[in-house]
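Only a predicted model underlies this, so the values are computations on that prediction, with no experimental measurement involved. We're numbering straight along the sequence, starting at 1.
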Amino acid sequence: MITGIMFRDGIISAANNISNSRQAVDALNIFPVPDGDTGTNMSMTISAASKEVKNIPDDATIDEVSRRCASALLRGARGNSGVILSLIFRGFSKAFKDLEAADGHDVARAFRMGTESAYKAVMKPTEGTILTVIRKAAEAAEKMAELNDDPIEVCFAALQAAREALQKTPEQLPVLKKAGVVDAGGQGLVLIFEGFNSVFGHDAIVQPLEGSAVTPVETPDKTVVAEASGDIEFGYCSEFLIEKAKDAEHTDPLKLRAYLESIGDCVVVVDDDNIIKVHVHSNCPGNVIQSALKYGQLINIKIDNMRYQHRNAEVGVKEGETPVEPTVIEPENDYGFVAVCAGEGLEELFCDLGCDVIVSGGQTMNPSTDDIMNAVMKTPAKTVFVLPNNKNIIMAAEQVIPLVNDREVVVLPTKTIPQGISAMLSFDETVDAQENQMTMMEMAQAVETAQVTFAARDSDIDGKPIKKGEIMGLCNGKISFVGTEREDIAFKTVNKLFKRSQHSLVTIIYGEDVSEDAAASLEERLKKKYKNDMEISVVNGKQPIYYYIISVE
């Protein structure tokens, strides 16, 4: 039988195992646009569950452990891969309901229910992904359970089938075969199952490797935090190491220190030949991470919400106890808005358009379901519209809907910043939520979006070789231009999208690495070509990652 303690230790082992291989899983991502990579998202998601269950007593039932695990996974889910992982474990939890321990048939049913839960959440399931891997694992588990009710044998059969399914993913997705890699989400799931198998089959928890995302970090005594007086000016404590890259955009740690001191306090930046150690208190951990990525890869990442810790310390929350709930503001207004974006300029823009709460995040930093839910609970409205503004955040946002009971949550599946802006501009407070939802999405989908960024890795897309560091121009999410001249690429994207008979307005949002003069030169070049046919607005979004985000409407 698989007991609660075995499942608990399996979760811890699984979290350590994928965290140890997080960067290798990230490297399997074939699309060169810098984003919230699969290994990182899955690692952070299951690490939330590991943290939740580690203090559960040894006599807990598998029902209790799986239930708390599923809840933590859901709230900590990041990115589409993290959400799918949380849904698999939600299915496990339902199968283990009211059980003290699980036999082989219980385990097989858990795999089946986990598979069904994951597939239901994806509108157009794609084979050759994590979905295929969990489905094949479930099929093998059911076959083994009919032959042998030993739950350990059932789990091992599922693991073997998952490994085999993973190796076949390149045959199901040509883009994987061309790149010579297996599916990243499927690989992450196999690593998680291997972590469980280490406990179930060998009674050994996989230990975290030095430098992995889950290396234990000393945390300050809660009484020290509680003694802090007054309001905390900078709410997030960020600590990490930067592994210096030879081809890094920036190499001088003093410049990093100067920037961090401009947005926070308690700054520590020390380095040697290979590593830069960073510690900073700020209100924008996303900006801290983005600035650090310009120097190399990040390891040992740890971000704490000090205000949240302070509230817990004040009420005497001890290790293992349930912490106080995040801030909740009573729903007084009819409508409210939560938007996800990164960059001071964009945050100000969304606030000016009427957003109540901004969730800092986007590419490379996908907020969790819990992050979005906390923002919803801080919004004083009976109906809260959520704008993810990124395709890899939509699923995490949608998981908030069943978690909130005292207000209605409407997720508008905006995939880009321009779509979110257009949706906000079309809101009409005189009509009901359903009509607003339809109108806002209709207007959002009518916007053409161009994005200019850099290639995060070498790749080959549609026969076009792309080298790491090259400038890419994306038109509605598809890589259309690659080159070395940033403004030239931006001009080409607008030129491709703009149709005189259909469009009249272009909004150029330039990022933190683009000067006002550079953006003005792009504007002048467009004016020269399109003259009075094109009305141009220029906004300093100060966003990371994207040099330009451009809307055409």
Side-chain angles (χ1 to χ4, degrees), residues 1-21 42 45-46 49-50 53-54 56 58 60-70 73 84-119 130-168 185-207:
M1 300 289 280
I2 294 179
T3 62
I5 186 176
M6 291 171 66
F7 196 83
R8 178 199 68 187
D9 291 349
I11 286 289
I12 297 169
S13 181
N16 290 345
N17 201 43
I18 189 173
S19 292
N20 291 344
S21 300
M42 294 183 76
T45 299
I46 197 167
S50 175
V53 305
K54 69 179 181 180
I56 291 180
D58 292 352
T61 65
I62 195 169
D63 171 24
E64 180 185 354
V65 177
S66 64
R67 181 162 32 84
R68 289 179 61 175
C69 167
L73 278 164
I84 291 173
L85 180 64
S86 74
L87 293 172
I88 290 171
F89 277 84
R90 183 191 295 179
F92 288 179
S93 176
K94 290 180 179 178
F96 294 145
K97 185 178 180 181
D98 298 327
L99 296 181
E100 291 272 344
D103 61 23
H105 282 86
D106 296 326
V107 171
R109 185 170 64 254
F111 274 100
R112 173 55 54 197
M113 294 180 73
T115 301
E116 292 172 351
S117 179
Y119 267 86
I130 185 175
L131 296 174
T132 305
V133 174
I134 184 59
R135 178 169 58 81
K136 290 296 185 181
E139 291 171 359
E142 289 174 323
K143 288 180 181 178
M144 178 57 72
E146 293 302 319
L147 300 173
N148 187 342
D149 195 36
D150 184 341
I152 307 302
E153 292 297 326
V154 172
C155 286
F156 186 69
L159 171 60
Q160 289 293 87
R163 286 170 171 164
E164 292 172 8
L166 176 65
Q167 295 308 312
K168 293 178 181 178
Q187 178 66 82
L189 188 63
V190 168
L191 287 166
I192 286 169
F193 288 167
E194 287 175 344
F196 271 97
N197 185 66
S198 181
V199 171
F200 294 170
H202 308 286
D203 196 26
I205 295 176
V206 174
Q207 296 301 308

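Distance alone, capped at 3.5 Å, is enough to place a donor-acceptor pair between the Arg8 side chain and the Ile56 backbone. For Ser198 (side chain) and Ile205 (main-chain N/O), no donor-acceptor pair under 3.5 Å exists by modelled atom type. A donor-acceptor contact shorter than 3.5 Å links the side chain of Asn20 to the backbone of Asn16. A distance-only check finds a donor-acceptor pair linking the side chain of Ser66 to the backbone of Ile62 [under 3.5 Å]. Listed for the Asp149 side chain is a donor-acceptor partner under 3.5 Å among the backbone atoms of His105. The closest donor-acceptor contact from the side chain of Asn17 to the backbone of Leu191 lies under 3.5 Å. Here the side chain of Ser21 pairs no donor or acceptor atom with the backbone of Ile18 at under 3.5 angstrom.
Taking the six-membered ring for Trp and the full ring otherwise, the centers of Phe92 and Phe89 sit less than 6.0 Å from each other.
By the 4.5 Å heavy-atom criterion applied to side chains, Glu100 and Met1 are not counted as neighbours. Side-chain atoms of Leu99 and Thr61, non-hydrogen and from C-beta on, never get closer than 4.5 Å to each other.
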Review point. Which is it for Val154 and Asn148 under the side-chain contact (heavy atoms from CB on, under 4.5 Å) test, yes or no, and what are the steps along the way?
Key: CA-CA 8 Å; Val154 172; Asn148 187 342; over 6 Å; no
Review point. Does the side-chain contact (heavy atoms from CB on, under 4.5 Å) test come out yes or no for Ile88 and Leu189, once each step is laid out?
Key: CA-CA 10 Å; Ile88 290 171; Leu189 188 63; 4.2 Å; yes
Exercise for review: Start with the C-alpha gap between Arg68 and Glu64, add the side-chain angles, then the distance that decides, and say whether salt bridge (charged side-chain N to carboxylate O under 4.0 Å, His left out) holds.
Suggested key: CA-CA 6 Å; Arg68 289 179 61 175; Glu64 180 185 354; 3.7 Å; yes
Exercise for review: Decide yes or no on side-chain contact (heavy atoms from CB on, under 4.5 Å) for Met6 and Phe200, but give the supporting numbers first.
Suggested key: CA-CA 7 Å; Met6 291 171 66; Phe200 294 170; 4.0 Å; yes
Exercise for review: Evaluate the side-chain contact (heavy atoms from CB on, under 4.5 Å) criterion for residues Ile11 and Phe196: first the C-alpha distance (whole Å), next the side-chain angles of each, then the deciding distance (0.1 Å), finally the verdict.
Suggested key: CA-CA 7 Å; Ile11 286 289; Phe196 271 97; 3.4 Å; yes
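A salt bridge does not link Glu139 with Lys143: none of the charged nitrogens is closer than 4.0 Å to a carboxylate oxygen.
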